[in-house]
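Here is the structure we will look at, set down as structure tokens.
First the proteins, then the strands, lettered A, B, ... as listed; each starts at 1.
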Amino acid sequence: MAKYLKKDDLGSWLKELGETYKVIAPVEEGDAVVFRRLTDERTLRIDRQATQGPKGVLFPACEELVSFKYVKDPENPEKTKVEVKETVEAEPTLIFGARPCDARGFDVFDGAFTKCAVKDNYYMARREQAIVVSLACTKTETTCFCNWVGGSPDGTGGSDVLLTPVTGGYLVEAVTDKGEALMGGKLLSDADDARQAEAKKLLQEAKDSLREAPDFDCMPEQLYALFDNMDFWEKQSAKCISCGACTYLCPTCHCFNITDEQQGKEGSRIRSWDNCMSHMFTNEASGHNPRPTKAYRLKNRVGHKFCYFPDMHDGHIACVGCGRCIKSCPVALDIREVVTAAKECRLPEEETSDD
Amino acid sequence: MLEQLKDTIKKALPELDFVIGWGMGFDALHATPLFMYEPEDVDKLVWGPLNVHNLATYLPALKGRKVGIVVKGCDSRSVAELLQENLINREDVVIFGAPCRGTVSLTKIRKVIGNTGLIEDVNYADGTLTVKAEGASHEMALKDIRADKCGYCRFPNAVLSDHFVGEKRAPQVEEDTFEDLAEFESQPFEERRDFWMKEMDRCIRCYACRNACPLCVCRDHCVAQSRDPHWLSQQDGVRDKFMFQIIHATHLAGRCTTCGECERACPVDIPVLLFKRKFTKAIKDTFDYDAGLDPEATPPLLAFKANEDNIKEKEW
Ligand code: SF4
Ligand code: SF4
Ligand code: SF4
Ligand code: SF4
């Protein structure tokens, strides 16, 4: 049964939830909107897509994996042993105000970190304790293309509860059992038919406002075929300046680096975000770099999302169409254009006739 | 004027690998760098206040290739500075200049219209930008939404060019008085510290500020990521992030032309140009020097003078 929450009660509802969960929501910070712990001093901003999505809540930009300490063996001072302490940290957390695309990003993380042979304990611990309350989009931006990659302005993938803005408040619907637990609050009343109809209408309008979705089923094959066509990738990447804005703001990018930060005899092994657009990515200890230029690196970013990941995960594209990599890219490089160009690229005769 | 610029580029194109200019991006408000390889590409060229990017950033990596570049006044200073430092060869680059009336700050436009993601149409005429978004029309005077650098611009016409198209414009100001900096510095230390603690906290270490900077030339060998030597830790604290900004600003002292790319590129709107304003003023006060004006000049920190005019070490 769908519920209704009055707009004026949103703050109190979140406060109430704050007694059980650490509530993280999009707030204003300088000229940006970022996910932070909601406090009285911070201003909630849900009128536009956040500059940076909530991925950092479950996959922090930097986290300690283990702490370590070198100690002398009292029996044999010649010997040093290292004491290692694992630091898995997780607490009940509620992510509020994720957009359907943001929430769907966690599906990609789940695929990479919880469903593969090697499980990521750190991510899993946080994921299990997290509850995602998303906000459906009744307006779409010029950079939105969730419908191209299997999503939708009212998509529920990765969410536990979905809110839809309607006149005077929100329609509140549970998506999972976890979400069901939130439906009992006394601030929520039963939503009448008129409200449900309004939500349906607004969401249909939002869907209709998106550009028609091309068929990307052929992309893995097409991108494999373009793998050695460096001329294509050089032209596509010409304007890229090789920063990390696209990947770090992307709700699905999950590459990381592991480094030891040591001071004296103590230190920590930390995991921090890495990104395939940077020169250091996969730079080998020998000095050899298999992705020596930005053309190879853009190929990796697009290839991972539209070819290698779907190839390994039942066709699931590792892009949720949030558009952040387009609008926040300093040079407005448009991934839609790159994928469309790859789709439409006719391979030179001699390359296709070879095999 | 735009047509004249296009014709000039088309004439020069056969001798060049490509010419870099601006075209329209994903909507009517966002331009994007345009690489023109064929005459048809030149038809997509745009010129006006949406040409926010400093294309000189691409030049060092293209050293050795023959390319053309379209520049605003401020961009041309970056080209001059790159020449001063031998980071590019003069004979490899053909510079197309035109008079600039100022470029927009997308952040300021967002403050006026609320969300820059819902653009339907944009028009610019006689100093007024009209943005249609969500069915509403917003008229903005360019001077209210222009990039800060355009407010203290002294060189709206290219300081050097091979082809200059259009009539030269008068500068915005004769002298840069650094009022923005004075205003920030009038706050007590605690406030300034808290400001930076808060602003730098959301830095995602994407290094767009570094990579967008035409003069930040270490790039692939940056101290921020080098493990050996280990200057900065990968820890996600304000301390390391702030440290990087100070290193960037220091390395740019006397070289930075305050083109503002670092700040414009920052995806989370951290006002990092302020650091460079501070250093630029210090260089001006100490050496009476402006970066990127004369391709033959040596930047003060790359030169040695036994007796500096404004550093009276012997009198201390
Ligand atoms: S944000 Fe843009 S410029 Fe930066 S690496 Fe990504 S595509 Fe390249
Ligand atoms: S690739 Fe771009 S559009 Fe796709 S999910 Fe990542 S940031 Fe969003
Ligand atoms: S530091 Fe910033 S303002 Fe200075 S030259 Fe580099 S990008 Fe331009
Ligand atoms: S561009 Fe902004 S977010 Fe990125 S590293 Fe620079 S200051 Fe940080």
Practice item. Compare every heavy atom of Ala31(B) with every heavy atom of Ala332(A), then report the nearest pair and how far apart it is. Key: CB-O, 3.9 Å
Practice item. Counting only heavy atoms closer than 4.5 Å, note whether Arg264(B) contacts chain A via side chain, backbone, both or neither. Key: side chain
**Study point:** When Thr107(B), Thr32(B), Leu62(B) are compared by non-hydrogen pairs under 4.5 Å with chain A, the top option
**Key:** Thr32(B)
Review point. Distance-only, no hydrogens or angles: does the Tyr207(B) side chain make a donor-acceptor pair with backbone N or O of Gly244(A) under 3.5 Å?
Key: no
Practice item. Compare every heavy atom of Cys206(B) with every heavy atom of Ala245(A), then report the nearest pair and how far apart it is. Key: N-CB, 3.4 Å
Practice item. Taking all heavy atoms of Asn211(B) and all of Cys243(A), pick out the closest pair and write down the distance. Key: ND2-N, 3.7 Å
Point to revise | Tyr248(A)/Val268(B) under side chain to side chain contact (heavy atoms under 4.5 Å, CB included): CA gap, chis, key distance, verdict | key: CA-CA 11 Å; Tyr248(A) 287 171; Val268(B) 292; over 6 Å; no
Review point. Which one, Glu199(B), Glu120(B), Glu134(B), leads in non-hydrogen pairs under 4.5 Å with chain A?
Key: Glu134(B)
Review point. Relative to chain B, which segment of Ser268(A) carries a heavy atom at a distance below 4.5 Å: side chain, backbone, both, or neither?
Key: side chain
Exercise for review: Could you tell me whether the side chain of Asp236(B) reaches within less than 4.5 Å of the side chain of Pro60(A), counting heavy atoms only?
Suggested key: no
Practice item. Look at the side chain of Glu261(A) and the backbone N and O of Gln234(B), then say whether any donor-acceptor pair between them is shorter than 3.5 Å. Key: yes
**Study point:** Most contacts with chain A, counted as non-hydrogen pairs under 4.5 angstrom, among Arg210(B), His221(B), Arg110(B), His30(B)
**Key:** Arg110(B)
Check your understanding: So which part of Ser233(B) gets closer than 4.5 Å to some heavy atom of chain A, the side chain, the backbone, both or neither?
Key -> both
Exercise for review: Sort Ile270(A) into side chain, backbone, both or neither according to what part of it lies under 4.5 angstrom from a heavy atom of chain B.
Suggested key: side chain
Check your understanding: Stepwise, does the side chain to side chain contact (heavy atoms under 4.5 Å, CB included) test hold for Asn115(B) with Asp47(A)?
Key -> CA-CA 9 Å; Asn115(B) 185 351; Asp47(A) 56 330; over 6 Å; no
Check your understanding: Of the backbone (N, CA, C, O) and the side chain (C-beta and beyond), which part of Asp334(A) lies under 4.5 Å from a heavy atom of chain B, both, or neither?
Key -> side chain
Check your understanding: Where on Lys198(B) is there a heavy atom nearer than 4.5 Å to chain A: the side chain, the backbone, both, or neither?
Key -> both
Check your understanding: Which bit of Ser272(A) is near chain B, if near means a heavy-atom gap under 4.5 Å: side chain, backbone, both or neither?
Key -> side chain
Review point. What heavy-atom pair brings Phe26(B) and Arg336(A) nearest, and what distance separates the two atoms?
Key: CB-NH2, 3.6 Å
**Study point:** Region of Asp260(A) in contact with chain B, defined by heavy-atom distances below 4.5 Å
**Key:** backbone
Exercise for review: Sort Glu29(A) into side chain, backbone, both or neither according to what part of it lies under 4.5 angstrom from a heavy atom of chain B.
Suggested key: both
Exercise for review: Heavy atoms only, distances under 4.5 angstrom: which of Gly237(B), Cys266(B), Ala208(B) has the most pairs with chain A? Name it, please.
Suggested key: Ala208(B)
**Study point:** chain B contact via Arg324(A) - side chain, backbone, both or neither, heavy atoms under 4.5 Å
**Key:** neither
Point to revise | Toward chain A, the part of Phe195(B) with a non-hydrogen atom under 4.5 Å | key: neither
